[in-house]
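Worksheet: the structure to be examined is printed underneath.
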Amino acid sequence: MNLIWGSLCQEALSILAENAELNEEDGRGIAFRRAEAVLKALPRAVRKLTELKGLPCLGEHSLRIIKASGKAAEVEATKQSERYKALKLLTGIFGVGAKTADRWITMGIYNLQQLQSSGPTLNQAQQAGLEHYEDLNQPVTRAEADHIGEIVRRVVLCVLPGAQLTLIGGFRRYTSRAALDLINIADHLTAKICTDADGIVDILNRGKPTGHDVDFLITHPEEGREVGLLPKVVSLLKSQGFLLYQKTTKNSYLESEDRPTQPSSNMDRFERCFSIFRLKRNPGTTLVKPDTSPRSSSCTQSQSERHSHQESAEVRGNGSESRPKSWRAVRVDLVVSPISQFAFALLGWTGSKLFERELRRWAGHEKAMSLSSHALYDTKQLPESSFRGGDICSPGPGVHPSIREKRLKRPAERPWDTQLWRVADHLGPAFGSDCRYSLESNRQIHWFVTY
DNA sequence: AGCTGGCAAACA
DNA sequence: TGTTTG
DNA sequence: ACAGCT
């Protein structure tokens with residue numbers, strides 16, 4: 001089988017995975033996603049099916065699909081089924097998931113027209129999602145991401161000089177070395193393997209040319225200076241007309257390390273903002289670097305620049321032949337992290353759902369650790385005395401029992417943090433197409449072939 | 001044969 | 001509380 | 001109703 005067939009197989013498996021997810025068959029969904037990821041991670045084209053022997057996550061069903069070169073009747077039937085099409089369409093609305101879509105379908109709603117006419121109650125996110133349906137289902141280019149980044153950067157620097165803005169998510173290039181370091185750290189082998197990455201699997205190499213949203217991570221080199229930053233940034237963006245929708249959520253992680261008894265530990269740390277961003281199309285400076293001298297840019301300058309009359313003068317597109325809108329809507333996520341958690345935030349916001357799931361599963365199962373976008377916890381060494389403050393973990397399924405009991409946690413030890421700092425360092429430069437693939441035979445692949 | 005499959009936080 | 005989000 | 005592990 002050649003490369004083209006390979007990608008056909010991936011698409012086919014992706015369809016089956018998506019269909020399973022839309023039908024709330026989570027296990028099947030993840031199984032097909034893994035199979036897809038294994039194919040995607042192959043270092044070269046596969047000529048014979050026998051070459052797939054020994055690869056993990058390719059079971060009977062997935063192999064059937066592959067043997068049919070992705071043209072299995074099952075896949076075609078799925079693609080053409082009215083239910084699949086309707087589920088895909090409806091869940092394409094921001095704020096609508098499989099459950100809601102299923103409910104609507106049983107109400108006879110199969111498309112947007114029927115949705116509008118039969119008018120079930122929509123929550124705020126869904127209203128915004130419906131309103132910007134077209135735009136939000138349009139891929140976001142890297143250029144658009146960078147443009148948004150410039151706008152956000154100005155605002156952030158205005159609110160907090162010295163703050164750092166990092167493009168994360170699918171657009172960012174992550175290196176295998178970064179995840180390698182995480183393994184090493186978990187294995188208490190910090191110094192050893194990270195100097196020798198040879199022969200180890202390529203782990204996560206994104207740097208996609210397009211995406212479905214844009215994610216930014218904001219921090220400040222001085223710990224604590226980032227507190228309270230996000231609400232200011234958001235309100236400034238809002239006042240400048242950049243936000244069509246916004247939901248800011250705060251982090252329950254309470255700073256327990258340096259000043260345990262501070263009432264300031266109760267300080268709200270707004271951590272994430274899910275927004276719909278109003279991005280001007282064809283910014284006058286199309287392909288030119290917007291500012292070759294960004295030093296001089298002050299906040300007020302950018303305000304007047306961005307917020308000029310043209311913006312408000314745009315015609316709210318009514319169906320009949322109107323010239324294309326002067327702007328488009330883009331999903332933008334802002335994440336604020338204290339510098340001490342920066343590395344974890346980077347790893348936690350790769351934008352790859354499968355990667356996050358598999359990484360955390362691996363941490364928990366193989367390492368008895370709990371990984372979040374804030375820290376890495378050793379679930380074994382939970383001396384009660386070393387915990388204080390924050391009751392973070394809501395009890396429930398999926399929460400590690402030891403954590404559930406304590407309901408308290410704190411980063412395990414300082415050394416972990418300092419080691420993980422090197423993760424952050426390594427996450428920087430592009431690793432390019434230096435993709436190696438080596439399977440430790442017959443060992444489950446865990447998370448590293450994901451994408 | 002039976003179990004697991006990643007998480008936490010917000011809204012209605 | 002169930003559903004959705006990244 | 002998929003795949004791997006126990």
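Within every chain, numbering begins at 1; the chains are lettered A, B, ... in the order of the sequence lines, protein sequences first and strands thereafter.
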Nearest of [options] to any side-chain atom of [X]?
{"X": "A:Arg357", "options": "B:dG6, C:dG6, D:dC2", "answer": "B:dG6"}
{"X": "A:Lys247", "options": "C:dT4, B:dA10, B:dG5", "answer": "B:dA10"}
{"X": "A:Gln124", "options": "D:dC2, B:dA12, C:dT5", "answer": "B:dA12"}
{"X": "A:Glu60", "options": "C:dT5, C:dT3, D:dA3", "answer": "D:dA3"}
{"X": "A:Phe94", "options": "B:dA12, C:dT3, C:dG6", "answer": "C:dG6"}
{"X": "A:Asp215", "options": "D:dC2, C:dT3, C:dG6", "answer": "C:dG6"}
{"X": "A:Asp333", "options": "C:dG6, D:dA3, C:dT3", "answer": "C:dG6"}
{"X": "A:Lys353", "options": "B:dG6, C:dT5, D:dA3", "answer": "B:dG6"}
{"X": "A:Asn123", "options": "C:dG6, B:dA12, C:dT3", "answer": "B:dA12"}
{"X": "A:Ile30", "options": "B:dG6, D:dC2, C:dG6", "answer": "B:dG6"}

Taking the inter-plane angle between the rings of A:Phe94 and A:Tyr245 on a 0 to 90° scale, is it parallel (under 30°), tilted (30 to 60°) or perpendicular (over 60°)?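 Judged by the thresholds at 30° and 60°, the geometry between A:Phe94 and A:Tyr245 is perpendicular.
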Validation row: A:Thr166, A:Arg172 side chains within 4.5 angstrom (heavy atoms):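 A:Thr166 vs A:Arg172: side chains touch.
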NA contact type, [X], heavy-atom cut-off 4.0 Å: base, sugar-phosphate, or nothing?
{"X": "A:Val96", "result": "sugar-phosphate"}
{"X": "A:Gly27", "result": "base"}
{"X": "A:Thr100", "result": "sugar-phosphate"}
{"X": "A:Ala98", "result": "sugar-phosphate"}
{"X": "A:Ser62", "result": "sugar-phosphate"}
{"X": "A:Arg64", "result": "nothing"}

Salt bridge flag under 4.0 Å for residues [X] and [Y]:
{"X": "A:Arg357", "Y": "A:Asp26", "value": "yes"}
{"X": "A:Arg83", "Y": "A:Asp102", "value": "yes"}
{"X": "A:Lys99", "Y": "A:Glu24", "value": "yes"}
{"X": "A:Arg28", "Y": "A:Glu21", "value": "no"}
{"X": "A:Arg225", "Y": "A:Glu222", "value": "yes"}

Roughly how many Å is it from [atom1] in [X] to [atom2] in [N], rounded to a whole number?
{"X": "A:Leu90", "N": "C:dT4", "atom1": "CG", "atom2": "P", "value": "11 Å"}
{"X": "A:Leu354", "N": "D:dA3", "atom1": "CG", "atom2": "P", "value": "15 Å"}
{"X": "A:Leu16", "N": "D:dC2", "atom1": "CG", "atom2": "P", "value": "10 Å"}
{"X": "A:Arg33", "N": "D:dA1", "atom1": "CZ", "atom2": "P", "value": "19 Å"}
{"X": "A:Gln246", "N": "B:dC11", "atom1": "CD", "atom2": "C1'", "value": "14 Å"}
{"X": "A:Asp26", "N": "B:dT4", "atom1": "CG", "atom2": "C1'", "value": "11 Å"}
{"X": "A:Leu22", "N": "C:dT3", "atom1": "CG", "atom2": "P", "value": "16 Å"}
{"X": "A:Leu122", "N": "C:dT4", "atom1": "CG", "atom2": "C1'", "value": "14 Å"}

P atom, B:dG5 versus C:dG6: distance in rounded Å?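 One P to the other, the span is 23 Å.
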Could you tell me how far D:dG4 sits from B:dG6 if I compare only their P atoms? Round to whole Å.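 These two P atoms come out 15 Å apart once rounded.
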Is any side-chain N or O of A:Arg34 closer than 4.0 Å to OP1 or OP2 of D:dG4?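 No, outside the criterion.
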